[in-house]
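Residue numbers begin at 1 in each chain, while the letters A, B, ... track the order of the sequences.
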2 protein chains.
Amino acid sequence: MALRHAVLAALLDGEYSGYQLAKAFDVGVANFWHAMPQQLYAELAKLEREGLVTGRQVVQETRPNKRLFRVSEAGFAELEQFAAAAAKPSFIRDDLLVKVQAVDRTDAGPVIEQLEERASAAGARIALFTDLLRRMRGDMDEEEFLRGGERIGPYLTCLRGLAFEEGHRDWCRHVADVLRERRPAGVRR
Amino acid sequence: MALRHAVLAALLDGEYSGYQLAKAFDVGVANFWHAMPQQLYAELAKLEREGLVTGRQVVQETRPNKRLFRVSEAGFAELEQFAAAAAKPSFIRDDLLVKVQAVDRTDAGPVIEQLEERASAAGARIALFTDLLRRMRGDMDEEEFLRGGERIGPYLTCLRGLAFEEGHRDWCRHVADVLRERRPAGVRR
DNA sequence: TCTGACTACTCACATTCTTGAGTATCATGC
DNA sequence: GCATGATACTCAAGAATGTGAGTAGTCAGA
């Protein structure tokens, strides 16, 4: 029962179709949850059956029809309850960290490559988030926006996403450097 | 097939029983993977059936007997292959972030409390990791250890864990401050 | 005119993770 | 002398997640 609240939280900013939601889950929402489209469609159907969201059909001419969803009163109540309940602790779960843990006993070459890929992927997300944050706060500066802005939830989670990606990028670079320096000069691949 | 590699990586440092492994997964190993004891016992059994680890019975007098496991040759080969394969991207998944995303539409009180709990839990882990790192590098300084140390994998993942917890703690504190300042002076709980 | 990408969604299966309960012995402290 | 907690592990059921394939129309560019 965790994806359901992520979906409700994502739907707070307006109506979305399953498809649009899937897009959102690829960018901003990925800061706090990640899911594949199929999961989202299934969850939306479930939420609708339980009355936590309401959907309406939108007929389109040049494109397939779509269904837009919004959070219902019951949905808001559910979110309220969720926010008040104790949160489970969060954990990192990352293949790449497992590889680094074992790197003393495996070939470091491919791991170094993956660290570099990760670092540059993190860099791309950093640029994206920086931009997103700028757009969210408009012409205010950050302090002013956080004091008086209307919708600061997404801004705050995006800040965490940004910091996470920065930490991740820096760590990846550092580890790649360390591993490269430890390899005997002749060893490549 | 992800827990299996985390278990193999955790077993690199010596022989462990399922019970000991569960302990390890509560502290250091939690930097890169998290699992409950039952999962570990199940995974160890599976790894043994497939020949990736070998177990041996240790008879104890004052305590229940235990089975200690070590990584087999086939296990090392499996890890090698895993390290060379492409890593999946990693994602944050955190209840508390979902709550913050929705905080404009819910009562901020309980969320602030949870943020503070998290911040102090993160503080405890920071102390633990700082200490762990110190013990791992012994009397060397960090740079020296990373250049010449024998087993730097766990050190590097612990560095990531430390940075993650620091980022998490700072973010929790900052968000709690922001939310507290936005609440009308009279509103408590 | 064909190719590939985008919109929009569905079905089915497999794996993984979580939850809750249970067994049994020993050591520690009140 | 009794409760608590540590060691050491098992079983079962269900919820959550991930994987892979498929449908079907539109649009832009080579």
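Taking only side-chain nitrogens and oxygens, Y41(A) comes nearer than 4.0 Å to OP1 or OP2 of dC9(C). Distances shorter than 4.0 Å separate some side-chain N or O of Y19(B) from OP1 or OP2 on dT7(D). In this model, the phosphate group of dT7(C) is approached by a side-chain N or O of K23(A) to a distance below 4.0 Å at OP1 or OP2. Taking 4.0 angstrom as the limit, T62(A) places a side-chain polar atom (N or O) nearer than this to OP1 or OP2 of dC27(D). Contact between the side-chain N/O atoms of S17(A) and the OP1/OP2 oxygens of dT7(C) is not found at any separation under 4.0 Å. Here Q60(B) does not reach the OP1 or OP2 of dT7(D): none of its side-chain N or O atoms lies under 4.0 Å away.
Summary of the strand contacts: K66(B) and A2(A) both lie near DNA chain D, and taking for each the nucleotide with the nearest heavy atom, the more 5' one is attributed to K66(B). Both R4(A) and P64(A) lie near DNA chain D, and the one whose nearest nucleotide falls closer to the 5' end is R4(A).
When each of dT18(C), dC17(C), dA8(C) is scored by its nearest atom to the side-chain atoms of M36(B), the top-ranked nucleotide is dT18(C).
Counting non-hydrogen atoms of other residues, nucleotides and ligands closer than 6.0 Å to CD of Q81(A) gives a total of 12 or fewer. With a 6.0 Å radius and a threshold of 12 heavy atoms from other residues, nucleotides or ligands, D141(B) has its CG atom above the threshold.
Note on Q38(A): a base of the nucleic acid sits closer than 4.0 angstrom, heavy atoms only. Backbone-only engagement by R93(A) is indicated by non-hydrogen atom pairs under 4.0 Å involving sugar-phosphate atoms exclusively.
With E15(B) as reference, R70(B) is the one residue of K66(B), R67(B), R70(B) to meet the salt bridge (charged side-chain N to carboxylate O under 4.0 Å, His left out) rule. Partner of V175(B) under the side-chain contact (heavy atoms from CB on, under 4.5 Å) criterion, out of L96(B), V103(B), L115(B), L97(B): L115(B) alone.
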